[in-house]
2 protein chains.
Amino acid sequence: MGTVTIKEVAQRAGVSPGTVSNALNRPELVAPATRERVEEAIRELGFVRHGSASTLRAGHSRTIGLSVMDIGNPFFTDVAAGVEETASALGYAVILGNSAGSLEKEERNLHVLAEQRVRGVLITPSDDDPARFDRLRERGISVVLVDHPAHRPDQCSVTVNGEGGGQMATSHLLERGSRRICHLTGPLTIRQCRERATGARRAVLAAGLDPADVLEVVAMPAMTARAGQVAAERMLAAGRLPEAVFCANDLLALGLLRGLLLAGVRVPGDVALIGYDDIDFTAASAVSLSSIRQPAHRLGQIATELLLDECDNPDTHAHRQIMFQPELVVRESTGSPR
Amino acid sequence: MGTVTIKEVAQRAGVSPGTVSNALNRPELVAPATRERVEEAIRELGFVRHGSASTLRAGHSRTIGLSVMDIGNPFFTDVAAGVEETASALGYAVILGNSAGSLEKEERNLHVLAEQRVRGVLITPSDDDPARFDRLRERGISVVLVDHPAHRPDQCSVTVNGEGGGQMATSHLLERGSRRICHLTGPLTIRQCRERATGARRAVLAAGLDPADVLEVVAMPAMTARAGQVAAERMLAAGRLPEAVFCANDLLALGLLRGLLLAGVRVPGDVALIGYDDIDFTAASAVSLSSIRQPAHRLGQIATELLLDECDNPDTHAHRQIMFQPELVVRESTGSPR
DNA sequence: CCATTCCATTAAAACGTGTTAGCGGAATTT
DNA sequence: AAATTCCGCTAACACGTTTTAATGGAATGG
């Protein structure tokens, strides 16, 4: 009961199991008439191919793994949506893992993915160790890094220029006239945070100014709205507000914005504010938020295409490190002070 | 090369393949000394169990499927996070599908999940047809409905009381003194929208008022911030603003809020506003948004526990239809007019 | 000391599919 | 008409694991 196998389909269609398999996987090998009979038998019996048996015999599966750092962050949600859309269109299933920033959890996820013999893995790694994925690749599991540059030429990666984005945001604040800028960011162990900070510094230098005078970097332990609000409270307690804040993340920016507004600080009048990621909600916030837009959805699409190309055409595949350019979106929070 | 099998591990440890399998799955059957040898061999060779072979032989996998309606909606993201967390803790992998509201896509997802022989499926179905999942259950794939009530006692479901939530929101507006209320919602083909609308109506009746006088229902084709802003523009064009708006969704509410504020309408002074879902961003919006909180993360957790219990203890398992109660969260957007 | 029980281990048979080599017959060429 | 090529199909094995029945040896009881 329950499971109907390829054998029963064969019997019903009056052919051998091998022919049914061919009709499914290499239809051009089987005569139109028999193919029709097989398809009818499949429909009548409600046959569904046993993916595990198929994987076992064929040596590869129709699934890919996706390991992200924070499924709660809309940026990663957008990436995930792009991945799911592309993979699904090509008949691949996506196994989702949320590392939540924990290296241990990430390792556990990768182990599960290895057990499932996924065709490949898309991952936003929590650390910088490039050797960590070698074990996977030795097993024939391709790896594409998402939002993290590959260190070596034999690996694909898809990123957005973080230094460029940081520079863009900071230049915008400088052009606006701000000369005391705070860069509110997350743990500097996170590469994206480091990049954006570097970009900020570079923008100050490019303007012929001394970072020591102009730029103060404040790193919070988390990149959440909650952390942003805490940062606001600290700034207010310290007494001396910066003229502008560049947040490494829209969530931080939204929290900071809320904290400042609650205390009666005017934005952008007293403090200008720019975030990063341009998530959907920035436009709807108290003061609409200027931000650096990243093509998250597209990132997911391209990463998936790269991965599946690497899987399906291992010999012709050329490893690529693709870097998208972010885009400055100016809204009210850095508008001219009224 | 690459794949190291149970056989090689057995050879290295000087035992038979069967013993290695036992050491992995039923350690109590093998003597401590040999178990130690086996574990060492596994470590040395970097052996990873072939999940497909295991599934094929054992007849069931360690994966569950999750099919949601809109991965971009923070409510579902929270659910997904709860699911991933719980499943992962129990050693299960989660295959993610995004139906994007399309029935056809949902069917395709379910087919993929059936092929993968997932242990069970968590689904937020796009329609009301209860028979649609029978085919899955015949194949031994358990189904738990998420955010959708089960019609039959032999099926688990986890929901949040939508009528109650709708009533709660509307009563709150009525108590506040509003007598011309607009209910802004999405397609009424969506069950959640219907429920909330019913709740709104019931609240009006419970207050001894006539819905025809008090309540106007406006259904948008989508439940996005964009749609909310369009709704605001229409209201303004129509000239006559309601005293209060109950939105079936925070995204709609945020969009509406933005549209109203841009036109100089005061919230809650001219129009009071309440949303639904209480997503993270409501607190950070222009005017912080009153909303109906749903325990999304918990929903995901419980649904997963129910599903895995049904899988692991099919005889003792009691099907349950769990309904959570939502919670009113009052913020500025329904505060007393200044 | 023999019979019994118990324990740790093994050999071998599945699970459902993909694939390879080969077979018979029809179509084509000599 | 015989020889060759081609086409559509089949038989049978392999993939890596789990599981059942069987095995041998140690421990226990009479």
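What's counted below: heavy atoms across the whole structure, side chains too, no hydrogens, waters or symmetry copies. Keep in mind it's a predicted model, so treat the numbers as computed, not measured. Just so we're on the same page: letters track the sequence lines, and every chain starts at 1.
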For this session: Evaluate salt bridge (Lys or Arg N to Asp or Glu O under 4.0 Å) for B:Arg132 paired with B:Glu107, printing each intermediate quantity in order.
Result: CA-CA 9 Å; B:Arg132 208 146 58 78; B:Glu107 284 292 336; 2.9 Å; yes
Problem set entry | Protein-to-nucleotide contact annotation, 5' to 3' order, nucleotides 19-27 of chain D [B base; S sugar-phosphate only; - none; under 4.0 Å, heavy atom] | BB-------
For this session: Using the test side chain to side chain contact (heavy atoms under 4.5 Å, CB included), find all partners of A:Thr124 that sit at least two apart in sequence or belong to another chain.
Result: A:Met69, A:Phe76, A:Val146, A:Asp147, A:Gln192
Problem set entry | Separation of atom CD1 in A:Ile6 from atom P in D:dA11, rounded to whole Å | 14 Å
Exercise. Counting distance only, does the side-chain N/O of B:Lys105 pair as donor-acceptor with the main-chain N or O of B:Asn98 below 3.5 Å?
Worked result: yes
Exercise. How far does CG of B:Leu307 sit from OG1 of B:Thr86, to the nearest 0.5 angstrom?
Worked result: 11.0 Å
Exercise. Within a strict 4.5 Å, meaning less than it, do heavy atoms of the A:Glu310 and A:Cys156 side chains meet?
Worked result: yes
Exercise. Hey, what's the ring geometry for B:His151 with B:His148, parallel, tilted or perpendicular (30° and 60° as the breaks)?
Worked result: tilted
Exercise. How many angstroms lie between CG in B:Leu145 and CZ in B:Phe133, if you round to the nearest 0.5 Å?
Worked result: 6.0 Å
Exercise. On DNA chain C, nearest-nucleotide positions of B:Val15 versus A:Ser54: which is more 5'?
Worked result: B:Val15
For this session: Could you tell me the separation between the CZ atom of A:Arg117 and the P atom of D:dT17, rounded to a whole number of Å?
Result: 7 Å
Problem set entry | Those residues of residues 31-43 of chain A lying under 4.0 Å from DNA chain C by at least one heavy atom | none
Exercise. How long is the line joining CG of B:Leu24 and P of D:dG16, in whole Å?
Worked result: 16 Å
Exercise. Over how many whole Å does the gap from B:Phe47 atom CZ to D:dT17 atom C1' extend?
Worked result: 8 Å
Exercise. Hey, is CZ on A:Arg135 packed in by over 12 heavy atoms from elsewhere, all under 6.0 Å?
Worked result: no
Exercise. Can you check the B:Leu29 CG to D:dT18 P distance for me, whole Å?
Worked result: 13 Å
Seminar exercise, completed: Nearest heavy-atom contact between B:Leu24 and B:Phe47 is CD1-CE2, 3.8 Å
For this session: Name the first nucleotide and the last nucleotide along DNA chain C (5' to 3') that come under 4.0 Å of a heavy atom in chain A.
Result: C:dG16 to C:dT20
For this session: Enter the distance from B:Ile322:CD1 to B:Arg298:CZ here, rounded to the nearest 0.5 Å.
Result: 8.5 Å
Exercise. What is the distance from CD of A:Glu28 to P of D:dG8, rounded to the nearest Å?
Worked result: 11 Å
Exercise. Under 3.5 Å, is there a donor-acceptor pair between the A:Ser157 and A:Thr159 side chains?
Worked result: no
Problem set entry | Check: A:Arg62 side chain, A:Leu90 main-chain N or O, donor-acceptor pair, under 3.5 Å | yes
Exercise. Bend across the helix from C:dC1-D:dG30 to C:dT30-D:dA1, to 10°, with axes taken over 5 pairs at each end?
Worked result: 40°
Problem set entry | Side-chain N,O (B:Thr5) to OP1/OP2 (D:dG16) below 4.0 Å | no
Problem set entry | For A:Glu85, side chain to side chain contact (heavy atoms under 4.5 Å, CB included) partners two or more places apart | A:His297, A:Gln301
